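A short write-up of the structure that comes next.
Being a predicted model, the structure only gives us computed values, none of them experimental.
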Amino acid sequence: MEEPSQPSNIDVDKGFAIAFVVLLFLFLIVMIFRCAKLVKNPYKASSTTTEPSLS
């Protein structure tokens, strides 16, 4: 009998789930830093809009 090319203890679905959770946490961390920057200085963060400034 030939042995399978992959060991039987590797679960592809579990790997995809772990990768998805890791990417989700990275996205969450990036969003937390962006929101913290917006809360810290909202006027500077929103200066990229096309509205004319009041000053």
Side-chain angles (χ1 to χ4, degrees):
M1 288 192 151
E2 295 180 11
E3 294 198 17
S5 60
Q6 294 180 353
S8 60
N9 60 358
I10 293 178
D11 190 7
V12 177
D13 291 336
K14 187 183 286 186
F16 279 125
I18 291 171
F20 178 74
V21 169
V22 168
L23 289 175
L24 194 65
F25 276 124
L26 289 175
F27 179 75
L28 181 65
I29 290 170
V30 169
M31 288 297 110
I32 287 171
F33 281 116
R34 289 189 67 189
C35 289
K37 186 189 293 185
L38 181 66
V39 168
K40 186 177 178 182
N41 194 354
Y43 297 110
K44 185 176 179 182
S46 65
S47 66
T48 59
T49 60
T50 58
E51 298 174 10
S53 61
L54 297 175
S55 58

Legend entry - Pairing residues for Ile29 by the side chain to side chain contact (heavy atoms under 4.5 Å, CB included) criterion, not counting sequence neighbours: Phe33

Legend entry - Partner residues of Val22 under the side chain to side chain contact (heavy atoms under 4.5 Å, CB included) criterion, sequence neighbours left out: Ile18, Leu26

Legend entry - Counterpart residues, side chain to side chain contact (heavy atoms under 4.5 Å, CB included), relative to Phe20 (two or more places apart): Leu24

